[in-house]
Each structure stands twice: as structure tokens, then as C-alpha cells.
**Student:** 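I have a structure I would like to understand better, so I am pasting it below and will then ask my questions one at a time.
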Number of protein chains: 2
Amino acid sequence: MNRTGSTKERILGAAETLFAQRGFDGASLRQLTSAAGVNLAAVNYHFGSKEKLVEQVFRRRLDALNAQRLAALAKVAGQPGTRLEDVLDAFIRPALELSHEDGGSLFMRVLARAFAEHDDGLRKFLSENYGHVMRQFTAEFGRLLPRLSKEELYWRIDLVTGALTHAMSGFGIIQRKSDVSERAHREQTAQHLIRFAAAGLNAT
Amino acid sequence: MNRTGSTKERILGAAETLFAQRGFDGASLRQLTSAAGVNLAAVNYHFGSKEKLVEQVFRRRLDALNAQRLAALAKVAGQPGTRLEDVLDAFIRPALELSHEDGGSLFMRVLARAFAEHDDGLRKFLSENYGHVMRQFTAEFGRLLPRLSKEELYWRIDLVTGALTHAMSGFGIIQRKSDVSERAHREQTAQHLIRFAAAGLNAT
DNA sequence: CGTATGCTCAAACGATCGTTTGAATCCCTC
DNA sequence: GAGGGATTCAAACGATCGTTTGAGCATACG
């Protein structure tokens, strides 16, 4: 039972863990509040409903994640010397760094679940709040791959998305021993992902 | 409400659809039996429990799918002129053909869900019953990519798996108008997937 | 000190869950 | 057409779900 932080933060932390492990339906508010060490009614008091809690779990991480992604993209987008690998780095690295924050790796798993669930409400929420991020990256990929038709470009970005989501949802669960090897591990992972994605996007 | 076929088949069909749409937890036996046009108790009578029903939903499709995959692999594995694309074709084409069977495209979505759920029981079931298929494909990929280390090979196969699962779970939902354009669409899709995956596996 | 205000608490709400029961019905065999 | 195993049925089981309630507690301000 977690006893650090405010009630809201404890609920969000426990929700992230349990949603990752058992899914949005599978994790009950009783398991959740029990793990957070708060009263059952606290969820509805602080968040209004379970569905709103799910949205806040996403918001807490995605606001920061996508701000970092857009900031990293802005540094390379439109520049003359920019390579495909630089844009992919702007997309991937913030997510990998998040995976090594406290609970961050579990959040990537929650995100992977949200992709697999074809729930309309959740997709609409994610699209409305964070769709512009994917749109900006798509535009830059298109600029760097002018020989691809629009259809082909969308296909490949979708495939890259699937590969990265799948890979990152399983990444970072096993904790490294020291901070040095953790950074090395993250760097190695980033290289694996970027090399694969760049080659796939660049396929003849 | 479906009224064709035996009770068992109607349950399996409705289960596939509802599991794809609402997940294993989200789809209740009452919704399921109501959609199948059978009595609520029929699930426990014919399958024993909801969990056993889930396993049978997988078994019904995966037995045929993986047999086709292994048969296609056997035709090219170890041959002198075999290319990466041939092995990927053996893996992808049977799944795409399944997607155009009745309800098949929904099954790919169920499979994508099973990947996202990190449920231990389900993973154990899939690994025990169908792990040998991935092992054979991995061996052949390793043969065709001798310059990759074991670690790199596993990374890339994992990324390919994620990309294909993600892409195929959204494929085939929209029905094509005539059989000719459906076959053309499938062929085009196969080419997209194979080109991307081959380039990714082959990355420097 | 009195009283708002924000929060926590145990308890209960009705709804829905997977499963079980025992009787009714179907269908094949003798 | 009588007997019997296979199947279907309505009904109920206890458990658990998300949510609501109203009393109780804390802290801060006049």
C-alpha cells in the first residue's frame, strides 16, 4: 500500500499500475483504492468517475511526453541537414526517458492497451488532445520521404507506431542495477528502435 | 442475433466478435449468449467456463492459421535461393487470408488484444500451444541474417511482430465491394507489410 | 470559541457479473 | 412409441461492480 503523496497522486499512481496489469475493466476501484491506501469513495470525490480517472492517468503523462516530443521535433524539423533518424529520435527518446521514471514503464503498457482496445471514447479523447502531435511528425516524415505516396507514407507510419508501441510496452520493466548501465541500456534500445524504423520507412 | 450453425459455433462466433470489440473482461456472457441467440447457461455447458471459451476462440483459428504458416515456411526454409521476403510471405499471407474469412478480421483484433493484455494465463496458453511456430520462423530468419547477433535478431523480430499485429488488427474491417478488388487489396497489403518488415530486419 | 470548508470514512445502493441448479424438451435407439 | 442421454431453458446463487450518501473529522478564518 502506497502512503506517499497526496490522495490524488496516490490514486493516479495505483491506477497506472493496475490498469497496466489488469486493464481498464479488469482493475476495480476497490483493488485500486486499496493499493493506494485511500478510501473507496475518494475516486469519485476527486475525479468524478472511473472513466474520468482513466483520462487523468493519460493526461498526467502525455502532456509532458508530447511537449518533449514536439520540442525535440522543433529542433530538427525543416532544417537542411535533418535525417530520418533525427525525427525518429525526437519521437522515441522522450518515451524511453519516461519509461525510466517512476512508474513510467507501466504507463507505456497502459498506452499499448489503449491502442489494442478499439474503444471509441478513449480513441476520441486521445485524438482530440494529442492528435496534433502525430500530425506534425507525419508532416515531417512526408517531407523527408517525398518519393512515397500519401498512402504508402500512412502505411509505414502506422507500422512504425505498432512496432514502437509493442516494443516499448515491454521495455523498462526489468530494472537495471546502476544508473550508468541504465543509461547505456536506454541508449542501446534507442539505437535498435531508430535503426529498425528508419530502414522500414525508407524501404524501396 | 445469429441463428445459423450449431450452438457451439454460434457461441464461438459471437465471442470472437464481442471479445474483439469489448475485450475479454468487457464482453459479458449475457451479451454474448444474447448475440448468439442461445441460452446463458449454454456457455458453461459446452465450454465449462468463460476462460475455457476464450481458449477455444483462439484454438479454432490458430490451429489452421499456424498449420498454413508452417506449410508455407516448409516450402522455402533452407532452400538455396530463399529470400527474406519469402519467409515473411509465409508468415503474413496466411494471416491476411484469414482476415478475409467470415469473422477472421475480428480474430486478428482479438489476437492483438491478447498481446496487449499481459495476462500470464493467456500468454502461457499461447506459448505452450503455438510457441514452436515462432521458434521455427526465428530460426529461419537467423539463417538468412547471419550477420545479426542473437540479441539484435530477437529485437527485430519483436519489432516486426508488433508492427504486423498492430497493422493486421485494423485490416479487413472495411469490406471490399467485389472479390477481385478484395484480392487486389490483400495483395497490395501483403506487399506493404513485406517490404517494410524486410527492410527493418535487414537494417544495417 | 464558532463555524465554514475540504476531505475522509463506513455503509449501503441497485446493477451486473460468472456460475449452478433442476426441470423441461429434444432426438436418437431399441 | 417407450426409454434415455444430450441439450436447452428460466430462475436463482453469491460475489463484485461503480456510485452515492450522510455522518465524522480536520484545518483555517472571523
Side-chain angles (χ1 to χ4, degrees), chain A residues 1-60 110 113-114 117 119-122 124-125, chain B residues 1-60 110 113-114 117 119-122 124-125:
Chain A
M1 183 183 351
N2 184 11
R3 290 223 168 272
T4 66
S6 71
T7 297
K8 269 181 124 169
E9 282 166 359
R10 290 211 302 241
I11 291 173
L12 285 169
E16 189 169 64
T17 303
L18 284 169
F19 287 161
Q21 290 172 347
R22 316 188 194 210
F24 305 113
D25 284 329
S28 75
L29 291 185
R30 282 170 179 81
Q31 298 169 343
L32 202 155
T33 51
S34 173
V38 305
N39 187 271
L40 168 61
V43 171
N44 285 278
Y45 178 79
H46 286 284
F47 297 94
S49 67
K50 188 182 184 181
E51 194 181 347
K52 296 249 187 76
L53 168 62
V54 172
E55 292 187 1
Q56 288 304 314
V57 168
F58 282 101
R59 230 185 251 292
R60 180 171 70 138
V110 176
R113 258 184 204 278
E117 317 245 0
D119 179 89
D120 285 338
L122 198 52
K124 192 181 165 198
F125 168 80
Chain B
M1 175 174 16
N2 184 12
R3 292 223 166 274
T4 65
S6 69
T7 297
K8 271 181 123 168
E9 284 166 358
R10 289 211 303 243
I11 291 173
L12 285 169
E16 191 169 63
T17 302
L18 284 169
F19 287 160
Q21 290 173 348
R22 317 187 193 212
F24 305 115
D25 285 330
S28 75
L29 293 185
R30 283 172 178 80
Q31 298 169 342
L32 202 156
T33 51
S34 173
V38 304
N39 187 271
L40 168 63
V43 170
N44 285 279
Y45 178 79
H46 285 285
F47 297 95
S49 68
K50 188 182 183 181
E51 193 181 346
K52 297 253 187 75
L53 168 61
V54 171
E55 292 187 2
Q56 289 302 315
V57 167
F58 281 101
R59 230 187 250 291
R60 181 171 70 139
V110 176
R113 261 185 200 277
E117 317 245 359
D119 179 272
D120 284 340
L122 198 53
K124 192 182 165 196
F125 169 80

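These numbers come from the heavy atoms of this one structure, side chains and all, not from hydrogens, waters or symmetry mates. Order of the sequence lines sets the chain letters (A, B, ...), proteins ahead of strands, with each chain counted from 1.
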**Student:** Would you mind reading off the distance between B:Asp25 atom CG and C:dC17 atom P, rounded to a whole angstrom?
**Tutor:**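 After rounding, the gap between these two atoms is 12 Å.
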
**Student:** What is the distance, rounded to the nearest whole Å, between atom CZ of A:Phe47 and atom C1' of C:dC7?
**Tutor:**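 To the nearest whole Å, that distance equals 14 Å.
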
**Student:** Given side chains that start at C-beta, do those of B:Thr7 and B:Tyr45 come closer than 4.5 Å, heavy atoms only?
**Tutor:** no

**Student:** Say whether, by atom type as modelled, one donor and one acceptor occur between the side chain of A:Arg113 and the main chain of A:Ala20 under 3.5 angstrom.
**Tutor:**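 Yes, A:Arg113 side chain to A:Ala20 backbone: donor-acceptor pair under 3.5 Å.
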
**Student:** Would you kindly give the CZ-to-P distance between A:Phe19 and D:dG18, to the nearest whole Å?
**Tutor:** 9 Å

**Student:** By nearest atom, which of the nucleotides D:dC9, D:dT19, C:dC9 is closest to the A:Ala41 side chain?
**Tutor:** C:dC9

**Student:** Any side-chain heavy-atom pair from B:Leu53 and B:Leu12 closer than 4.5 angstrom?
**Tutor:** yes

**Student:** Which nucleotide in the list C:dT8, C:dT19, C:dT21 gets nearest to the side chain of A:His46?
**Tutor:** C:dT8

**Student:** Taking CG from A:Leu40 and P from D:dT19, how many angstroms apart are they, rounded to a whole number?
**Tutor:** 10 Å

**Student:** If you find the nucleotide of DNA chain D closest to A:Tyr45 and the one closest to B:Thr7, which residue's nucleotide is nearer the 5' end?
**Tutor:** B:Thr7

**Student:** How far apart are the closest heavy atoms of A:Leu32 and A:Ala14, and which atoms are they?
**Tutor:** O-CB, 3.7 Å

**Student:** Taking only the side-chain nitrogens and oxygens of A:Asn44, find out if one of them lies under 4.0 Å from OP1 or OP2 of D:dG18.
**Tutor:** no

**Student:** Ignoring backbone atoms, test whether A:Asn39 places a side-chain nitrogen or oxygen under 4.0 Å from the OP1 or OP2 oxygen of C:dA10.
**Tutor:** yes

**Student:** Check the distance between C:dT20's P and B:Lys50's NZ and give it to me in whole angstrom.
**Tutor:**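 The distance from NZ of B:Lys50 to P of C:dT20 comes to 15 Å, rounded to the nearest Å.
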
**Student:** For the pair made of CG in A:Leu29 and P in C:dC13, what is the distance, rounded to whole Å?
**Tutor:** 19 Å

**Student:** If you pin A:Gln31 and B:Arg30 to their nearest nucleotides in DNA chain D, which one's is more 5'?
**Tutor:** B:Arg30

**Student:** Just compare D:dC9, D:dT19, C:dC17 and give me whichever is closest to any side-chain atom of B:Ser28.
**Tutor:**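 For the B:Ser28 side chain, the nearest candidate turns out to be C:dC17.
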
